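Report on the following structure.
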Protein chains: 2
Amino acid sequence: MASTASPSREELHIPTALDNQPLFRGMKAEFRDTFAQSSQIQILSKGTILFLQDDPAEWFYLILSGWVKLFTETMDGDEAVIDMVSNGHMIGDSAILEDGVHSFGAAAVEPVTVIRLPSNLLKQAISEDHQTALAMLGSLSRHRKRQSREIESLTLQNASQRIGCFLLRLCHPEQSMPIELTLPYDKSLIAARLGMKSETFSRALNKLRKETSLAIKGSMVTVSDLEELSGYVCSACSNEFPCKDLHG
Amino acid sequence: MASTASPSREELHIPTALDNQPLFRGMKAEFRDTFAQSSQIQILSKGTILFLQDDPAEWFYLILSGWVKLFTETMDGDEAVIDMVSNGHMIGDSAILEDGVHSFGAAAVEPVTVIRLPSNLLKQAISEDHQTALAMLGSLSRHRKRQSREIESLTLQNASQRIGCFLLRLCHPEQSMPIELTLPYDKSLIAARLGMKSETFSRALNKLRKETSLAIKGSMVTVSDLEELSGYVCSACSNEFPCKDLHG
DNA sequence: CGACGTATTGACTCGGCTCAAAACCTGTGG
DNA sequence: CCACAGGTTTTGAGCCGAGTCAATACGTCG
């Protein structure tokens, strides 16, 4: 399985890492410095829980490398994967806008590097610094849009189309044919992420391979006809292929 | 079918209506006045389109009465209902945070009264007035949470449970038994809202009636045992009954 | 009363789930 | 270098929930 590359030496420097984030970029120096001082780099092994649903939101996290699963659990033990996030994404930040409690859980699905930052400081920065509030608005709204598409996808696309859609989002339109992809994490996780069982994933991927010209070998996927694939997928979606803003 | 009550004379007064909204409450008087002057009450008949996906976001709306359907349409004509909103909700406001284009469509499903407001003014108010930005953050984040639950519900609950969940959200926990409900809009719309076909809705509602003690007569539903209903529904959900923040 | 839209029912199909077994990888230690 | 253990993925058989299409019932409004 293809792991995300380890963070470079440079990215392990907290102030540098923060400066690469829109949230901190425009922030008053006063706050940004306090953040840099009160934050901490953590190396998490596979399976580590960052926080659980209903935990008080003491910290939020900026991911430097590796994949993190966001999920909720039902009373009788079933799990829904809300999203998978990596590299450059923040998690747990939105809890401070709700009731100070996490509304989902987060777990590392492989070795992960994060910067851990204090939630109360973010709360303060947002309420006192306008630029920070605006950056937060931008990030929330992107999130919202992503989730709307998620709902659409779950109600209108079948298993094969959802997989195709997932693959398309790994393609960048300017790449030349054939496009070689590496699945970013385990197939069973992709399945969960797309709201299906791994058996269904396996069969649906086979179907997709038969019906569009795809080649699959382990976690390597070769797309030889983008048109065909996007035709197959996007007919059941409200966005056409280079799905703006929904990459990554 | 039960329509929302018509707006009272008082609510038809724009400044008063705006003052009832968190978004405008804390806003600088300068902006609030400009909003009041440049806005307009509109009475929309059933079926009126407020805007379509990909329309440039010139206006946003505050609903005073009636139900509005938010939806997206696929290339081949299928429709996904993202949400149903009414009374006191704003729609189309978040487009200004994206690329100035609506990411879903909105249509009145019955006679609806709205206040139409200019998007560019909102954009300006947010970037210049901190309180407004904060109010916007609050509203977006509530929205986000709602949508996460939607995703969970679609992946983990079956048709009957989703219907039960919908009914539970119409109940207020302090009401005394038996609770008499009126379905807020057509059954076919509820079905679409819950991501199922109306035939399935009809059958699943029957199943729910058999398995929990529900009585249904047209659009009137009587819940005689809340415990039983919430047991049936919430076992497949990460929130327990009086689902905080998810009412309305 | 008749007509139209909405809701229900029936018979059938099909997609995705379940459970169980086999195949495939990957890493470990002899 | 091979054998083996563990996890992950694939395959198979059977089932069940939800979708489809078509016919019927219900409600409401003219």
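Letters A, B, ... are given to chains in the order of the sequence lines, protein chains preceding strands, and every chain is numbered from 1. Since the model is a prediction, treat every value here as computed from it, not as a measurement.
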What is the distance from [atom1] of [X] to [atom2] of [N], rounded to the nearest Å?
{"X": "A/Leu205", "N": "D/dT9", "atom1": "CG", "atom2": "P", "result": "11 Å"}
{"X": "A/Asp186", "N": "C/dT26", "atom1": "CG", "atom2": "C1'", "result": "12 Å"}
{"X": "A/Ile190", "N": "D/dT10", "atom1": "CD1", "atom2": "C1'", "result": "15 Å"}
{"X": "B/Lys210", "N": "C/dT9", "atom1": "NZ", "atom2": "C1'", "result": "12 Å"}
{"X": "B/Leu183", "N": "C/dT8", "atom1": "CG", "atom2": "C1'", "result": "15 Å"}
{"X": "B/Phe201", "N": "D/dT20", "atom1": "CZ", "atom2": "P", "result": "17 Å"}

Would the distance check show the side chain of A/Ser219 and the main-chain N or O of A/Thr182 forming a donor-acceptor pair, the cut-off being under 3.5 Å? no

Would you tell me if any nitrogen or oxygen in the side chain of [X] comes within less than 4.0 Å of OP1 or OP2 on [N]?
{"X": "A/Lys197", "N": "C/dC19", "answer": "no"}
{"X": "B/Thr200", "N": "D/dG19", "answer": "yes"}
{"X": "B/Ser188", "N": "C/dA7", "answer": "yes"}
{"X": "A/Asn206", "N": "D/dT11", "answer": "yes"}

Would you kindly check whether a donor in the side chain of B/Arg209 faces an acceptor in the base of C/dT8, or vice versa, at under 3.5 angstrom? no

Work out which heavy atom in B/Met75 is nearest to a heavy atom in A/Glu240; give both atom names and the distance. CE-CG, 4.0 Å

Distance check, rounded to the nearest 0.5 Å: B/Ile216 atom CD1 versus B/Leu167 atom CG? 8.0 Å

Does A/Lys217 reach a base, just sugar-phosphate, or nothing at all? Heavy atoms under 4.0 Å. nothing

Which nucleotide in the set D/dG19, C/dT18, C/dT8 lies at the smallest distance from any side-chain heavy atom of B/Arg203? D/dG19

Among D/dT8, D/dT20, C/dT6, the nucleotide that comes nearest once only the side chain of B/Glu199 is considered: D/dT20

Between B/Ser160 and B/Glu211, is there a side-chain donor-acceptor contact under 3.5 Å, judged purely by atom types and distance? no

Among A/Lys145, A/Arg193, A/Arg162, A/Arg144, the one residue meeting salt bridge (charged side-chain N to carboxylate O under 4.0 Å, His left out) with A/Glu150: A/Arg193

Check DNA chain D against residues 152-161 of chain B and give the residues with a non-hydrogen atom under 4.0 Å, in numerical order. B/Asn158, B/Ala159

